[in-house]
Amino acid sequence: MIHFRKLKNGSSAILETVENTDVVSVGFWYRHGSRDETATEQGFAHFLEHMLFKGTEKRTALQIAQAIDRVGGFLNAFTEKELTCLYCTLPREHLELAVDVVTDMVNNSVLSTEEIEKEKLVVINEIKSIEDNPEERAYEFYLETMWKDHSLSRRITGESKNIKKINRENIYAFYKKCFIPSNSVVTVAGKVD
């Protein structure tokens, strides 16, 4: 059975009980993707997704990874045209850990200048690898042709020139604008009550 609830903070929560499993998956979905970026923010949603794994006020990047790995869990994220999602799948007895870690990541990311500079290189290399992939380039050309100047025609990763302009001030402002409860849906599926 699927349960839906609107929370006091404006977030929505969806819970699905799945009896014949010993795992639980938690997802934090934000209704903000590459189509919602301004011209100066192109690539910010994808970049921010990367930065959420770089440490919080409570945990280092290593502590984030270890917290989930130690219990046999899996933590990941993705950005699309219309949303950004962080999700974690782990043994059901560690549900509270998943909620604690992911909540910490989405609410308390440090966004250190040093990590931002390092991650710029990672994302620019990702952009270059997409440019070297004929299938990816064909898909981008298809979107550009179909959507013309609409925001759906833009790359999710943004352009290298936009990524180079990211600094702590502008990515922090983007973070505080997009990662708000009223813009989120929290999902839990698995053997939970």
Side-chain angles (χ1 to χ4, degrees), residues 1-34 36-37 43-112 114-116 118-119 122-123 126 156-157 168 171-193:
M1 179 164 205
I2 297 175
H3 303 277
F4 174 84
R5 180 176 294 161
K6 191 77 169 171
L7 304 178
K8 290 178 186 176
N9 68 358
S11 181
S12 299
I14 302 172
L15 171 76
E16 181 178 11
T17 302
V18 181
E19 288 296 330
N20 49 346
T21 185
D22 289 323
V23 299
V24 64
S25 289
V26 176
F28 280 58
W29 304 75
Y30 288 87
R31 293 179 285 249
H32 198 100
S34 61
D36 304 301
E37 298 165 339
F44 277 35
H46 175 253
F47 191 87
L48 180 58
E49 171 215 317
H50 280 232
M51 289 303 300
L52 296 177
F53 289 84
K54 299 298 180 182
T56 69
E57 296 166 9
K58 191 161 91 171
R59 295 177 175 93
T60 65
L62 180 61
Q63 290 170 328
I64 290 170
Q66 286 178 336
I68 302 303
D69 287 347
R70 281 188 181 136
V71 298
F74 177 76
L75 177 66
N76 208 343
F78 60 90
T79 304
E80 294 293 338
K81 299 276 187 186
E82 297 178 320
L83 61 91
T84 302
C85 176
L86 277 82
Y87 62 96
C88 182
T89 301
L90 41 52
R92 68 185 171 102
E93 60 269 19
H94 299 290
L95 171 62
E96 286 183 28
L97 173 67
V99 172
D100 182 48
V101 170
V102 179
T103 301
D104 188 30
M105 291 171 68
V106 299
N107 291 318
N108 305 310
S109 184
V110 175
L111 303 175
S112 80
E114 181 182 342
E115 290 297 330
I116 288 169
K118 288 180 192 175
E119 204 59 28
V122 172
V123 173
E126 187 177 342
I156 292 169
T157 58
R168 187 177 193 289
I171 198 70
Y172 184 80
F174 184 82
Y175 172 55
K176 289 303 179 184
K177 174 178 79 171
C178 303
F179 278 61
I180 56 174
S182 61
N183 200 28
S184 70
V185 177
V186 178
T187 58
V188 179
K191 198 166 188 176
V192 293
D193 182 355

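Note that the structure is predicted; figures quoted are calculated from it, not measured. Residue numbers count from 1 along this sequence.
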Q | Spacing of L48 atom CG and L111 atom CG [to the nearest 0.5 Å] | A | 6.5 Å
Q: Could you please spell out the steps behind the side-chain contact (heavy atoms from CB on, under 4.5 Å) verdict for H50 and V123?
A: CA-CA 9 Å; H50 280 232; V123 173; 3.9 Å; yes
Q: Could you please spell out the steps behind the side-chain contact (heavy atoms from CB on, under 4.5 Å) verdict for S184 and F28?
A: CA-CA 7 Å; S184 70; F28 280 58; over 6 Å; no
Q: Keeping the roles fixed (side chain from R92, backbone from T21), state whether a donor-acceptor pair exists under 3.5 Å.
A: no
Q: Taking all heavy atoms of T89 and all of S25, pick out the closest pair and write down the distance.
A: OG1-OG, 2.7 Å
Q | Heavy-atom closest contact (N9 atom, P181 atom, distance) | A | O-CB, 3.2 Å
Q. Rounded to the nearest 0.5 Å, how far does CG of D69 lie from CG of L62?
A. 9.0 Å
Q: Ignoring hydrogens and angles, tell me if any N or O in the side chain of Y87 forms a donor-acceptor pair with the backbone of V102 under 3.5 Å.
A: no
Q. Can any side-chain N or O of E37 pair as donor or acceptor with the backbone N or O of A45 at less than 3.5 Å?
A. yes
Q. Which heavy atom in L86 sits nearest to a heavy atom in A77, and how many Å separate them?
A. CG-CB, 3.9 Å
Q. Quick check: does any side chain N or O of T84 sit under 3.5 Å from a backbone N or O of H32, one acting as donor and the other as acceptor?
A. yes
(Q) So, taking the atom named OH in Y175 and the one named CD1 in I180, what distance separates them when rounded to the nearest 0.5 Å? (A) 12.5 Å
(Q) Restricting to non-hydrogen atoms, name the atom on R31 and the atom on V185 that form the minimum distance, rounded to 0.1 Å. (A) NH1-CG2, 3.4 Å
Q: Calculate, to the nearest 0.5 Å, the distance between atoms CD1 and CG belonging to I64 and L52 respectively.
A: 8.5 Å
Q) Could you go step by step and tell me if E16 and M1 meet the side-chain contact (heavy atoms from CB on, under 4.5 Å) rule? A) CA-CA 6 Å; E16 181 178 11; M1 179 164 205; over 6 Å; no
(Q) Checking T79 against E49: is there a side-chain donor and acceptor pair closer than 3.5 Å? (A) yes
Q | Minimum side-chain heavy-atom gap L90-V24 below 4.5 Å | A | yes
Q: Output the distance between atom CG (D36) and atom NZ (K81), rounded to the nearest 0.5 Å.
A: 11.5 Å
**Q.** D100 bridged to R59 by N-O distance under 4.0 Å
**A.** yes
Q. Yes or no on side-chain contact (heavy atoms from CB on, under 4.5 Å) for E126 and H46, after CA distance, side-chain angles and deciding distance?
A. CA-CA 11 Å; E126 187 177 342; H46 175 253; 3.2 Å; yes
(Q) Below 30° counts as parallel, above 60° as perpendicular, anything between as tilted: where do the rings of F179 and Y30 land? (A) parallel
Q: First locate atom CG of N76, then atom CZ of F53, and finally report the distance between them rounded to the nearest 0.5 Å.
A: 5.5 Å
(Q) For A67 versus L97, what's the shortest heavy-atom pair and its separation? (A) O-CD2, 3.3 Å
Q: Would you check if the side chain of E115 reaches a backbone N or O of M51 as a donor-acceptor pair within less than 3.5 Å?
A: no
Q. What closest approach, in Å, do N107 and K176 show between heavy atoms, and which atom pair accounts for it?
A. O-NZ, 3.9 Å
